Participant: 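Have a look at the structure that comes next, please.
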There are 2 protein chains.
Amino acid sequence: MARPAQPILSAEIITVAALRAVDATGDFTMPGIAKELGVRPSSLYTHVSGRAEIVELMRMRLLSGIPVADESQGWSKRVASMAWEYRRTAAKHWRLIPLLAAHTARTGAVFGIDNALAQAFSDGGLAPAEVLHAISTLDSLVIGSVLDLATPDVVWTEAPNANEAMAAALATSGPNPGRADAAFEFGLRTLITGWLAQALTGVLDSAAISVPGNAAV
Amino acid sequence: MARPAQPILSAEIITVAALRAVDATGDFTMPGIAKELGVRPSSLYTHVSGRAEIVELMRMRLLSGIPVADESQGWSKRVASMAWEYRRTAAKHWRLIPLLAAHTARTGAVFGIDNALAQAFSDGGLAPAEVLHAISTLDSLVIGSVLDLATPDVVWTEAPNANEAMAAALATSGPNPGRADAAFEFGLRTLITGWLAQALTGVLDSAAISVPGNAAV
DNA sequence: ACCTGAACACCGTTCAAGT
DNA sequence: ACCTGAACACCGTTCAAGT
């Protein structure tokens, strides 16, 4: 049975098996997913160039699965709801995130979430260059927050040599996932407040510039 | 020469060798650093419990090396300068960051940078619970930004299926490290603006609460 | 206490061979 | 085109043995 009548494998089947292994154990191996699929390790290479491509396929699967906010709402509401959707999706596969961080992305794909965020920030009055930066910032917050989700509680509860301010802060800290959730909520609020203030400043600036020359505000 | 008169190895020597390997190649192996140190791989285990501990030692070495701002400046200035120092230190060893992200921290150590940030945010009027969240947020931005530094330019320049807003944003994007630097600067400014606004809101809130009862503002 | 040498179980990847 | 089987170079870790 060297060549089955119907192919057993496909890139997608391999990706799903790898993702299931990552969700369960935090990592995956070629022999591991081969055994899971009832196949020999070398067979995987017919459908996939190697381990790195499997990681990349998992990244694309994750990012393309994030729900996008409909455009009827205001831009900051859209950003907030998509940030939460992004985080919810990433948190569902939180053990995958360190793996994605370890491998550098080699795909030039722009996903639905990227486009929708660009539209929202653009609607918010950010300049094109700022739009990219804002997306990067939001990305950092989500990824960082989900990496934080993987950090054992012990890191934050044991605190030798903490100063007074740090000790007081640590005293308020509960276990995960509540801690990381709360930090994300606070961080997202900070960002949106900051973006709103910057967008407002932009409006004021252009108003100040245009006022002397003509009456259009 | 099974037991040298003077020990050849130490945890620190091993850590430095590993860090040098990571800086040069993006990863390290036990045989690799053993050869670098003129020793057999099994010898490393006399000073270190294994690969995971070496990663942890590198993490501690990185974090404890971040310069701390002196307290004479205002809190937001301190936060900004430490954020930049944090990023500068992390960027100097940018290939280490994915490795740190892949391994979950198991150390409960609070570093100088943590204490100084806690002090600064506390001075800024954030509540103790918010202090921890603010530190987490800043951490996410720095880590995310340095991970971004490792992303090849091709990811952002090739853009099939980008919408108008995204295409305009991508058109402004130059190569790394400038791109990631600019994104970090923008993100940091957004955060500080947001924190200032939130701190201000806190002041206003407590003012509103205290005014009816007595005259102290 | 510190390093060696041999050994173990494992990994990712290649490639000729079968259908 | 798709899977197998054998092979390769490599890895992290253990442990008895030497000084």
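Keep in mind that the numbers below use all heavy atoms, side chains included, and drop hydrogens, waters and symmetry copies. In what follows, chains carry the letters A, B, and so on, assigned in the order in which the sequence lines appear, proteins first and then strands, with residues in each chain numbered from 1. Every value quoted in this text rests on a predicted model; they were computed, and no experiment measured them.
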Participant: Return the value, rounded to whole Å, for the distance between atom NZ of A/Lys35 and atom P of D/dT4.
Facilitator: 14 Å
Participant: Does a side-chain N-to-carboxylate-O contact under 4.0 Å join A/Asp70 and A/Arg78?
Facilitator: no
Participant: Could you tell me whether B/Lys77 and B/Asp123 make a salt bridge, using a distance below 4.0 angstrom between a side-chain N and a carboxylate O?
Facilitator: no
Participant: ring-ring contact (aromatic ring centres under 6.0 Å, His included) with B/Phe111: which residues, sequence neighbours excluded?
Facilitator: none
Participant: In chain order, what residues pass the ring-ring contact (aromatic ring centres under 6.0 Å, His included) check against B/Phe28, with sequence neighbours excluded?
Facilitator: none
Participant: Tell me, which stems hold DNA chain C, with a stem being 3 or more Watson-Crick or G-U pairs in a row and both distances under 3.5 Å?
Facilitator: C:4-8 with D:12-16, C:12-16 with D:4-8
Participant: More than 12 non-hydrogen atoms from neighbouring residues, nucleotides or ligands closer than 6.0 Å to CD on A/Glu164, yes or no?
Facilitator: no
Participant: For B/Tyr45 and C/dC8, give me the distance from atom OH to atom C1', rounded to whole Å.
Facilitator: 13 Å
Participant: Above 12 or not: heavy atoms from other molecules or residues under 6.0 Å from CD of B/Gln73?
Facilitator: yes
Participant: Please determine, for the side chain of A/Pro31, which listed nucleotide (D/dG12, C/dC3, C/dC11) has the closest atom?
Facilitator: C/dC11
Participant: Run the salt-bridge test on B/Asp148 and B/Arg179 with the 4.0 Å N-O cut-off and return the result as yes or no.
Facilitator: yes
Participant: Regarding A/Thr46, tell me which of base, sugar-phosphate or nothing describes its non-hydrogen contacts under 4.0 Å with the strands shown.
Facilitator: base
Participant: Any luck finding a side-chain donor-acceptor pair between A/Thr193 and B/Gln198 under 3.5 Å?
Facilitator: no
Participant: How many Å lie between CZ on B/Arg51 and P on D/dT14, as a whole number?
Facilitator: 15 Å
Participant: Would you mind reading off the distance between B/Arg3 atom CZ and C/dC3 atom P, rounded to a whole angstrom?
Facilitator: 9 Å
Participant: Output the rounded distance in Å from NE2 (B/His47) to P (C/dA1).
Facilitator: 12 Å
Participant: Which of the following nucleotides, D/dG12, C/dT13, C/dC2, is nearest to the side chain of B/Thr29?
Facilitator: D/dG12
Participant: Does a salt bridge link A/Asp181 with A/Arg87, judged by any charged N lying under 4.0 Å from a carboxylate O?
Facilitator: yes
Participant: A/Leu44 has an atom CG; how far is it from atom C1' of D/dT4, in whole Å?
Facilitator: 12 Å
Participant: Send over the distance from A/Leu99 CG to C/dG12 C1', rounded to a whole Å.
Facilitator: 15 Å
Participant: Just to be sure I understand the geometry, which residues of residues 7-17 of chain B put a non-hydrogen atom under 4.0 Å away from DNA chain C?
Facilitator: B/Pro7, B/Ile8, B/Leu9
Participant: Strictly by modelled atom types, are A/Gln119 and A/Asn115 linked by a side-chain donor-acceptor pair under 3.5 Å?
Facilitator: no
Participant: Please list each protein N or O that sits under 3.5 Å from an N or O in nucleotides 5-7 of chain C, with the distance.
Facilitator:
{"from": "C/dG5", "atom 1": "O6", "to": "B/Ser42", "atom 2": "OG", "distance (Å)": "2.6"}

Participant: Identify, with sequence neighbours excluded, every residue that meets ring-ring contact (aromatic ring centres under 6.0 Å, His included) alongside A/Phe186.
Facilitator: B/His133
Participant: Over how many whole Å does the gap from A/Ile54 atom CD1 to C/dC11 atom P extend?
Facilitator: 13 Å
